[in-house]
Amino acid sequence: KASYPTLPSPSERAPLPRSESQLRQAVEDHLYFWNTGSLAAWRRRFSEDAWIEDPAGSGRRPLGTARDLWDPAHARDYRVSLGCNRVIVCGMEALAHTIAFEESADGRARASANTELFTFRADGAIRSWRVFRDEPNS
């Protein structure tokens, strides 16, 4: 099962982050809203023109509504949950060491360790998200 640090539930209407601690919280909010299944709250952390490169090296693409990423990972018979070991903030960028837990209805599960790089706009919205994937373990 996926684990997530015990954090207070962030407000869906909270202002976007700007300080180092707020940028770290933005990454933690991204994980929180992903895991609780709140697409609108999760998508709000990203700028309208945000892009994703998953996996890194595959070319960046617009995040858009994120439905093509969100729906398969939150399906009834398949679920991807995210955990985080560490977030390092430097300027307007954050590096997160994460774990993706994939679980299917038939009981198959696997985990992969990832390194994720986020860049932020001046207003604190996530502008880009790059995912460096490790090989999954079954």
Shortest non-hydrogen contact from [X] to [Y]?
X: M92; Y: R121; answer: CE-O, 2.8 Å
X: V27; Y: F120; answer: CG2-CZ, 4.1 Å
X: E53; Y: S58; answer: OE2-N, 3.7 Å
X: W34; Y: V80; answer: NE1-O, 2.9 Å
X: G37; Y: H74; answer: CA-CD2, 4.2 Å
X: C84; Y: V87; answer: SG-CG2, 3.5 Å

Taking atom [atom1] of [X] and atom [atom2] of [Y], what is their separation to the nearest 0.5 Å?
X: S47; Y: D123; atom1: OG; atom2: CG; result: 8.0 Å
X: E28; Y: R45; atom1: CD; atom2: CZ; result: 11.5 Å
X: R86; Y: H97; atom1: CZ; atom2: NE2; result: 6.0 Å
X: W129; Y: H30; atom1: CH2; atom2: NE2; result: 4.5 Å
X: N85; Y: T115; atom1: CG; atom2: OG1; result: 9.5 Å
X: R79; Y: S104; atom1: CZ; atom2: OG; result: 13.5 Å

Q) Under 3.5 Å, side chain of R127 to main-chain N/O of D49, donor-acceptor pair present? A)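 Yes.
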
Side-chain heavy atoms nearer than 4.5 Å, only ILVMFWY residues, links allowed to pass through others: does that put [X] and [Y] together?
X: L69; Y: F46; value: yes
X: L31; Y: L39; value: yes
X: V131; Y: L23; value: yes
X: F132; Y: I52; value: no
X: F33; Y: W70; value: yes

Q.
side-chain contact (heavy atoms from CB on, under 4.5 Å), that's the test. Do R130 and F118 meet it? Break it down for me.
A. CA-CA 7 Å; R130 296 184 73 209; F118 300 89; over 6 Å; no

(Q) Quick check: do D68 and R61 have side-chain heavy atoms less than 4.5 Å from each other? (A)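 SC-SC contact between D68 and R61 confirmed.
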
Q: For residues T98 and L82, determine if any side-chain heavy atom of one lies less than 4.5 Å from a side-chain heavy atom of the other.
A: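 Of all side-chain heavy-atom pairs linking L82 with T98, none is under 4.5 Å.
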
**Q.** Candidate pair S38 and T36, rule side-chain hydrogen bond (donor to acceptor under 3.5 Å, both in side chains), full reasoning
**A.** CA-CA 6 Å; S38 179; T36 58; 5.5 Å; no

Q.
Show, in sequence, the C-alpha distance, side-chain angles and deciding distance for E20 and R24, and conclude whether the salt bridge (charged side-chain N to carboxylate O under 4.0 Å, His left out) test is met.
A. CA-CA 6 Å; E20 181 179 328; R24 181 176 287 108; 3.6 Å; yes

(Q) Between D54 and R133, is the side-chain contact (heavy atoms from CB on, under 4.5 Å) condition met? List the steps. (A) CA-CA 8 Å; D54 183 10; R133 295 197 173 280; 2.8 Å; yes

